[in-house]
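Note that the structure is a prediction, hence the values are computed from the model and not measured.
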Amino acid sequence: MENPHAEHLQELLEGLNEPQREAVTHGEGPLLILAGAGSGKTRVLTHRIAFLVFTDQAQAGEILAITFTNKAAQEMRGRVEHLLGHGTRGMWLMTFHAACARMLRADAERLGYTRQFTIYDQADARRLTKRCIEDLGVDPKRYTPPAILGQISAAKNRLRDAAAYRQQVGSYFEQTVADVYERYERDLHRMNAMDFDDLLFRTVTMLELFEEVRERYAQSFRHVLVDEYQDTNHAQYRFLQLLVGGGRKAPAKGERTSLPGHRNLAVVGDDSQSIYGFRGADVRNILDFQEDFPDARVVKLEQNYRSTQTILSAANAVIANNRGGIAKRLWSALGEGEPIKVRELEDEYSEARFVVGEIERLVDEGASRAEIAVFYRTNAMSRLLEDTLVRREIAYQVIGGTKFYERAEIKDAIAYLSLLANPNDVVSFMRVVNSPRRGIGQTSVGKVVGHAGTMGLSIWEAAERPAEVPGLGTAAQKALARFMDTMHELRGRIEDQDQPSPVGDLLEAVLAQTGYVEALEAERTIEAQGRVENLEQLVQVGNEFDAGNEPSREALDAFLQQIALMADADSRRDEESLVTLMTLHNAKGLEYPIVFVAGCEEGVFPHARALDEGALEEERRLFYVGVTRAMRSLYLTYARRRTIFGAQTAGLASRFLDEVPAELTEFEEQAAPRWGGAGAVSGGRARRRREEDLDIDDGAGHDDAWDGVDVPASAPIRAFRRGQDVTHPAFGEGVVTAVEPGGIIVVRFAEDGSERKLMSEYAQMSGH
DNA sequence: ATCCTGATTTTTTTT
DNA sequence: AAATCAGGAT
C-alpha cells in the first residue's frame, strides 16, 4: 500500500468487529448505520472520521460531523484527535444548532439580520410570544403562550412560515396561532433575533434562496456524518439534503424532489431510541433512509459491549411491544449477570430512602459513586432524591433541572451583554432596564418599547432619547437617561478599536457599573450571596473563554452564541466521584455500571400526558433507553403512593414493569404499612424505623427521612417555626425566617442583619 | 413604582 | 409543594 498512513490504518481497524469495520471503511455514497444501544457507535463514527482523513478521502476541513449535544461533540473531537494524533483544525464537529448559527453568522445580511443577531432561548421566546398574544388582544388565559409557541415551533420544524401556516388553519385556535406567528416573526426579525428553531429554519431558507451559498458548503463538506439520526426533524433532514444532495421520493409540496450532490452522508441511529417526537423529531427520517437513498449501504451493529445479557433481554422484551421499527437482535458476550431488581415501596419517601440506602451499601462494598446513576421521568422528581442524598452526605450532581444558564442572575448578565452587542434586542432590554431596580416600571418600559416600534427605531435609539418618548414621566426619563449613560460607557469598551475589552473584563464592568452586584449584596441574604457567587462563576467562564480567544467585537458575539447554545448536559463531569441524577431524556448516549430508574408507575412513567397524546410507544422507547444505560446492575422502583401537585395519588406499577420477563427480575415489595411508620422489607435487611412520631419542623412537611442523622443527645430536637425568636451562642439574637427541608433553618440575626442557614440539630440554638 | 398577598396553575421530556 | 401571576395596598 502506498498510503503513508498505512500503519495508522492497520491500527485503526484493529479491534473492530465485522460490521463496525464495514461502516468505518465504507467509501463514497450514502451509509446507514443502525446502531443498537451500546454497540459502539461513537467508536464507529470517530474511527470513520479518522479513516476518511488517513485515506485522503477528506481533509479535516471537508468533514461535517453533527452530534446531539455539545458535550458529545467535544468528546468526539477529543477521540478523533487521539486517533489522528494531531488536531482537528477546520473540522466542523458540532451540533446542528451550532453549525447553523455559524453559517448564519457568515451570511446573516442576506436574510436581513446583522451578524450580531441574538439567539433567544425558550424562556425568551415564551415571553415574546406572550407579548404578541397580548398585543393582539387575545386572552392569554384561553390560549397560553406555551401552547401557541409549541404550534409555532412545530410549524418551523416542518419549515412552514407564518403564511404557509395560515393557509392550512382549520380551527379558531389555529387561526389565532397564525396571527400570533405572523407578529412573533415580525418582532423577532425587527429585534435582529432568532429562536432555536429559526437557526435551522433560516439556514435552510438561506441555502435554498442562495444557490452560491449552498454550493459553497455542499462542495466544502465532502463528507457529512450525523449521530442520533433518529432524533432529527424535518428541518434538519432538509438541511442535510441541501448539503449532500439526494432526497425524498415523495417530497412535500413545493420541495424539489431531489438535489444534485455527492451524497456522502453517513448517519448513525437507532429507531428504538427515538425519544424526541414531542419536539418535532421524525422517526421516519431513519426508517425511510433506504427509500431516500435506494443505493445506501446499510450496516447493523447488534453486538452490545455494554450490558449483561439479562439487561439486554429485558430491553428487547420491552421494546418488542412496539409496532413497526427495524428488527434488531442485540446480544452480549458479557454473560448473564445479576437479575434486575424490581422494588415496590410505600411512597416516594421510602423510594428515595431505598435508593439512597442502596447507594450507600454499594459504595460501602467498594463501588465508586461515579459508577452510579439515578434516572427519573421528570425533573421535579430530583428534589426528594437530592434531599435524601444530602442527609446521607453522598456527593452527587444533577444534570438538567434549573440550569446554570437559566438562573435569573445569569440571564440578566447575559442580557446586558446581548443588548450591548445587539441594540435591537428588545427582550434583553426589557429584562435588564429595571434590574437592579431603577424606578423604570412596566408602564414606562411599555412606552419606550411602543415608541421604538411606531418610530421604527431600535430599542437602543429610543432609549437614548427619553424626552422624545410620549407620555414618559420625568422621573422615568431621568432614570432611563442614567441607565443609558452606563450602557454607553460599557459599549465604549467593546467598540474601542485599539483595545477591545475581553469578555471577562466586560462582564465584570457590567456587573459593577450597573450596580447589579451591589444591589444583590445589599440584600444580605444567603440567596443573594449565592447569586453573586454564580455571577463570579460566570465571569470565570468569560475569563476562560478569553484565554482561547483574542479580545474583539467578534469574540463577544461568539461568546454569546456559545452560551446560548449551551445545554446542561454539557456540564456533566465524569472524573469526580459523584452520583449522577438526571431525567431519562438526558441519559441518552450515556452508560453507568449501576442504574436506578425511579418512579416506574402508571401516570408517571409512562407519563399521563404522554398517554393523552398517544405517545405510549415513545414512552416505551424512553424506558428502553433507560434500561440499556445499565452495564451490570439495574434497579426499577415504584411507589404505591406519591404526592403529585400536592395531592396524594395512588400508584400502580408501570406497565413497562409487566413487560419485563419475570424470570429476569428479583421482586421485593415493601410490607404493608403499620400504623406510625413502615419500613420492613420482606426478605431484605431490616430497615431503620421511620421516626414519624418526632414532630420536627413546621409545615415543610413529611420530614420523615431523619433516620440516619445522628442527633447529639444533648441537643433536644425541637420544631422551629417561621417567625420564632431564637438565640445563637455566637451570632446572638435572631428570628427564624424560613424552615427548609433537611432540618435547615434560616435565621436573620439582629446583630448585623445577616441571614444564615443553620442545621437546626447542630446549632446550639435556644428558642424563646 | 413597588410590595404584599391570595389565587391559580403547573410538571414531560430539550437543542 | 412550588412558582408564577393578578390585584390591591402602600
Side-chain angles (χ1 to χ4, degrees), chain A residues 66-73 94-101 119-123 125-127 130 140-141 144-146 150 153 156-157 194-200 227-228 231-233 235-236 274-281 348 375-384 387 399-403 405-406 408 434 436-445 473 475-476 479 561 564-570 582-588 599 603-613 615 618-619 621-623 625-626 642-649 699-702 740-741:
Chain A
I66 305 272
T67 61
F68 202 67
T69 64
N70 296 304
K71 176 92 177 176
M94 53 187 85
T95 64
F96 272 109
H97 293 266
C100 288
I119 299 169
Y120 284 163
D121 70 7
Q122 201 186 5
R126 188 176 296 178
R127 238 170 304 134
K130 188 172 175 227
K141 281 281 163 56
T144 64
S153 173
K156 286 184 176 181
N157 286 158
M194 299 194 202
D195 62 22
F196 279 145
D197 302 317
D198 279 336
L199 292 174
L200 283 154
D227 193 11
E228 309 280 15
D231 285 322
T232 51
N233 61 34
Q236 289 161 336
S274 163
I275 53 173
Y276 284 105
F278 68 91
R279 70 173 205 215
E348 69 264 42
F375 304 148
Y376 36 78
R377 180 66 233 274
T378 65
N379 278 308
M381 291 171 69
S382 77
R383 184 166 297 142
L384 185 58
D387 284 352
I399 308 303
T402 330
K403 301 170 186 98
Y405 290 101
E406 281 174 14
N434 201 32
R437 299 260 129 89
R438 297 187 175 88
I440 308 170
Q442 254 179 1
T443 1
S444 301
V445 174
Q561 175 180 315
L565 298 180
M566 191 92 74
D568 200 61
D570 304 333
M582 67 180 99
T583 63
L584 286 141
H585 281 87
N586 268 314
K588 193 176 67 165
V604 175
F605 189 21
H607 197 278
R609 194 135 158 202
L611 292 176
D612 285 348
E613 288 164 23
E618 180 151 314
E619 293 288 298
R621 291 193 292 264
L622 190 57
F623 188 79
V625 167
R642 185 178 296 274
T643 310
I644 299 170
F645 295 157
Q648 284 275 326
T649 326
H702 344 59
E740 298 182 355

Taking CD from A:Glu613 and C1' from B:dT11, how many angstroms apart are they, rounded to a whole number?
13 Å

Checking contacts here: which listed nucleotide (B:dT14, C:dA6, B:dT11) is nearest the side-chain heavy atoms of A:His607?
B:dT11

Rounding to an integer number of Å, can you tell me how far A:Met582 CE sits from B:dT15 P?
12 Å

Identify whether a stacking contact exists between A:Tyr276 and B:dT13, where the ring centres must be under 5.5 Å apart and the planes under 30° apart.
no

A:Glu348 vs A:Met381, test: side chain to side chain contact (heavy atoms under 4.5 Å, CB included). Steps then yes/no.
CA-CA 9 Å; A:Glu348 69 264 42; A:Met381 291 171 69; over 6 Å; no

For A:Ile644 and C:dA2, what is the distance between atoms CD1 and P respectively, to the nearest whole Å?
15 Å

Presence of A:Asn379 side-chain N/O under 4.0 Å of B:dT13 phosphate oxygens OP1/OP2:
yes

For a quick check, with a 4.0 angstrom heavy-atom cut-off, what is the B/S/- contact string for nucleotides 1-8 of chain B, read 5' to 3'?
SSS-----

Separation of A:Ile399 atom CD1 from B:dT14 atom C1', in whole Å?
14 Å

Nucleotide nearest A:Thr378 when distance is taken to its side chain, options C:dA6, B:dT14, B:dT11:
B:dT11

If you check every side-chain atom of A:His585, which of B:dT10, B:dT13, B:dT15 has the closest atom?
B:dT13

With a 4.5 Å heavy-atom cut-off, do A:Leu584 and A:Phe605 have their side chains touching?
yes

Check the distance between B:dT14's P and A:Phe196's CZ and give it to me in whole angstrom.
12 Å

Check whether the ring centres of A:Phe278 and A:His585 lie less than 6.0 Å apart, and answer yes or no.
yes

So, using side-chain contact (heavy atoms from CB on, under 4.5 Å) as the criterion, who are the partners of A:Ala281 when residues are at least two apart?
A:Asp231, A:Tyr276

Between B:dT13 (P) and A:Asp231 (CG): distance, integer Å:
16 Å

At 4.0 Å (heavy atoms only), tell me whether A:Glu618 reaches a base, stays on the sugar-phosphate, or touches nothing.
nothing

Output all residues satisfying salt bridge (charged side-chain N to carboxylate O under 4.0 Å, His left out) with A:Asp227, sequence neighbours left out; order by chain, then residue number.
A:Lys41

With the six-membered base ring of B:dT15 as reference, does the ring of A:Phe96 sit under 5.5 Å away with planes under 30° apart?
no

Reckon A:Thr583 has a side-chain N or O less than 4.0 Å from the OP1 or OP2 of B:dT14?
yes

Partners of A:Arg437 by side-chain contact (heavy atoms from CB on, under 4.5 Å), sequence neighbours excluded?
A:Asn434

How would you label the contact of A:Gln236 with the nucleic acid (heavy atoms, under 4.0 Å): base, sugar-phosphate, or nothing?
nothing

When you compare C:dA6 with B:dT11, how far apart are their P atoms, in angstrom units rounded to a whole number?
16 Å

Ranking B:dT14, B:dT15, C:dA2 by distance to the side chain of A:Asn586, first place goes to B:dT14

In whole Å, what is the span from the CZ atom of A:Arg126 to the P atom of B:dT9?
16 Å

For A:Thr583, all residues meeting side chain to side chain donor-acceptor pair (under 3.5 Å), sequence neighbours excluded
A:Asn586

Using a 4.0 Å heavy-atom cut-off, does A:Phe68 contact any base of the nucleic acid, only the sugar-phosphate backbone, or nothing at all?
sugar-phosphate

With sequence neighbours excluded, tell me which residues meet ring-ring contact (aromatic ring centres under 6.0 Å, His included) with A:His97.
A:Phe196

Distance check needed: C:dA1 P versus A:Asp387 CG, whole Å only.
13 Å

